[in-house]
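Note that ligands are numbered from 1 as they come in the structure, with each ligand's atoms numbered from 1 the same way.
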Amino acid sequence: MVSRIIPVDPFDLVIFGGTGDLARRKILPALFRRFCAGQFPEGARIIGAARTDMSLAEYHAMVAVALSEHAEGRECAPGTVAEFLNRVMYVATDAMGEQGWSALSDLLKPTASERQSVFYFSVGPRLFGALAERLHLHGLAHEHTRIVVEKPFGHDLESAKALNAVLAEHFDESQVYRIDHYLGKETVQNLMAVRFGNMLFEPLWNSQYVDHIQITVAESVGITGREEYYDRAGAMRDMVQNHLMQLLCLIAMEPPAKFDPDAVRDEKLKVIRALDPVLPHHIVRGQFEACLDPGDPHPSYRGSVGNPRSTTESYIALRTHISNWRWAGTPFYLRTGKRLKARSSVINVMFKDAPHSIFGEEAGRHANLLSIRLQPNEGITLKVTIKEPGPGGMRLVDVPLDMTFAEALGPDGEDPPGAYERLIVDVIRGNQTLFMRGDEVEAAWGWTDPIIAGWNSRGDVPKPYASGSPGPTDADLLMRRDGREWRGINP
Ligand code: BG6
């Protein structure tokens, strides 16, 4: 497969929070990988900005360590790190004060009309307003400016509205890029390719043929290093309101007329607005228990956050419905959790049984299943029913038609860019298709808030589950009550 590097226009990219964890783990390595791929135009600059006073040499040393730890996976010629660092600058800047702002504007203003200025707000949301305001005051918020903001975008509907309003004071919606890194994943975009690039699936993609859909994002990791944030958020705010919601939208939305930002986002928004409120008995929340295994010992959820009474969930399973013509009557089951049996993100589309079996009762029940594996082992499996080979009558058996993308694309298949690489390049190019629009984020909070309020008012306490298990047993009951079962969580 021929590598396609589409050139981008010259740019300056300022990373506020340029010494932080996200910059070191994701943003700088992603930029470096694009640099190695030859996608940096002549003169493109990266400017780290943070409160810490440090020399350029010290910043370069920090970036070099970050690259050696987190930029694996792309072959780079010797000396490339030094060439990359030639593009990297540092300005000690205080979001809340005056420090650094004139230096930043001296650096950026002379070329402002010839190149894109991207400001990456890799800082807590409480600083978004101050940064937007200062960019404006210093003449850095202009028509060539784009800003990138990270999740969590708010804590609830009210705070998300406040953030949107603060950003809207100085930037048009077309300049704001709200990241949900799931949308940058190769396989998540494949959901759209599978649905809208094939004739095969779309005619069956509705409640007449689909019995139910399961979306699982299981993680084997815990919350180490993020305890404080996580205990305020929980799985609902950390994963369901954004990542799972995006998967649900892509699976359930109507075909957009074009693959363009507003056409796609309009359709996603319609899905969120059509979601029914979730009934209390359709939700199961869980918290992982301690693990004593000497190979991987760790405390319980409550032990990890240092609060023996914490009622924050590290696991959630729920059943929801989309009230529209396509999906009326088809339940969507969503689940996600930490410290589960394996890291596995899969969407299972479970089709209905054939309306009548010509083979009689003894042939058993057989329904098709389309499994879309998002990570790891990305690919698609379609389970089909065939005759069991050999004599002895008409016995039916289900077999998988399996396509693992890595195998299907062959040994010459390109190493696809990671989510952050793709998303950052999209910002520079000005393509918002894979970013969340303000109204979309608000609608997602609008659906999430009453669910959270409901369990708070009921004093709901999460159910314990063993680390390394598929989750609390109540989640199985949620399915069994409906005569269904979760598919296994397999690596
Ligand atoms: C983040 C969540 O947005 O996504 C984390 O805050 C989670 O809690 C992570 O672990 C999962 O991302 P990925 O790419 O590893 O599936």
Side-chain angles (χ1 to χ4, degrees), residues 17 20-27 29-30 33 70-73 120-125 148-155 160 177-191 215-250 285-288 298 301 304-305 310 312-316 334-347 372-378 416-424 434-436 440-441 444-445 448 462 467 471 489-491:
D21 185 59
L22 186 73
R24 283 181 287 122
R25 274 189 313 111
K26 300 284 185 191
I27 306 171
R33 283 172 55 113
H70 303 291
E72 74 289 342
Y120 202 125
F121 291 11
S122 175
V123 293
V148 185
V149 293
E150 273 289 337
K151 81 168 255 276
F153 194 83
H155 189 70
Y177 290 72
R178 294 176 196 78
I179 285 203
D180 180 318
H181 80 281
Y182 264 55
L183 289 176
K185 287 182 191 271
E186 184 73 12
T187 41
V188 173
Q189 289 161 67
N190 239 325
L191 285 179
I215 302 180
T216 298
V217 178
E219 296 187 273
S220 49
V221 294
I223 53 164
T224 312
R226 314 167 66 216
E227 293 82 355
E228 201 188 317
Y229 152 76
Y230 196 91
D231 203 38
R232 274 183 282 116
M236 188 68 167
R237 290 187 172 99
D238 184 52
M239 296 293 288
V240 178
Q241 186 271 347
N242 36 79
H243 304 327
L244 276 86
M245 179 68 79
Q246 291 297 324
L247 299 180
L248 174 68
C249 286
L250 296 179
R285 298 164 70 228
Q287 274 180 342
F288 60 80
H298 56 76
Y301 176 81
S304 309
V305 298
S310 171
T312 303
E313 75 286 352
S314 60
Y315 174 99
I316 189 158
L334 274 49
R335 67 177 162 167
T336 183
K338 304 281 186 200
R339 296 258 182 233
L340 295 179
K341 197 177 154 211
R343 175 175 188 249
S344 168
S345 300
V346 186
I347 300 177
I372 306 166
R373 299 186 300 277
L374 304 176
Q375 58 185 31
N377 195 21
E378 294 82 351
Y420 274 86
E421 286 177 70
R422 181 188 309 275
L423 294 175
I424 292 172
L434 301 176
F435 294 83
M436 292 176 296
E440 204 181 328
V441 181
W445 281 122
T448 316
S467 288
I489 295 179
N490 300 310

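Nearest heavy atoms, Leu183 versus Phe435: CD1-N, 4.4 Å. In plain terms, the two heavy atoms of Arg335 and Leu244 that are nearest each other are O-CD2, 3.7 Å.
Under the 4.0 Å criterion applied to side-chain N and carboxylate O atoms, Asp21 and Lys26 are not assigned as salt-bridge partners.
Between Tyr301 and Phe288, the ring planes lie perpendicular to each other; the angle is over 60°, past the 30° to 60° tilted range. Aromatic ring orientation, Tyr182 versus His243: parallel (interplanar angle below 30°, classes split at 30° and 60°).
Residues with a heavy atom under 4.0 Å from ligand 1: Lys151, His181, Tyr182, Lys185, Glu219, Arg226, Asp238, Met239, His243, Lys338, Arg343, Gln375.
Screening Ile347, Thr216, Leu334, Asn242 for a side-chain contact (heavy atoms from CB on, under 4.5 Å) with Leu247, the sole residue that qualifies is Ile347.
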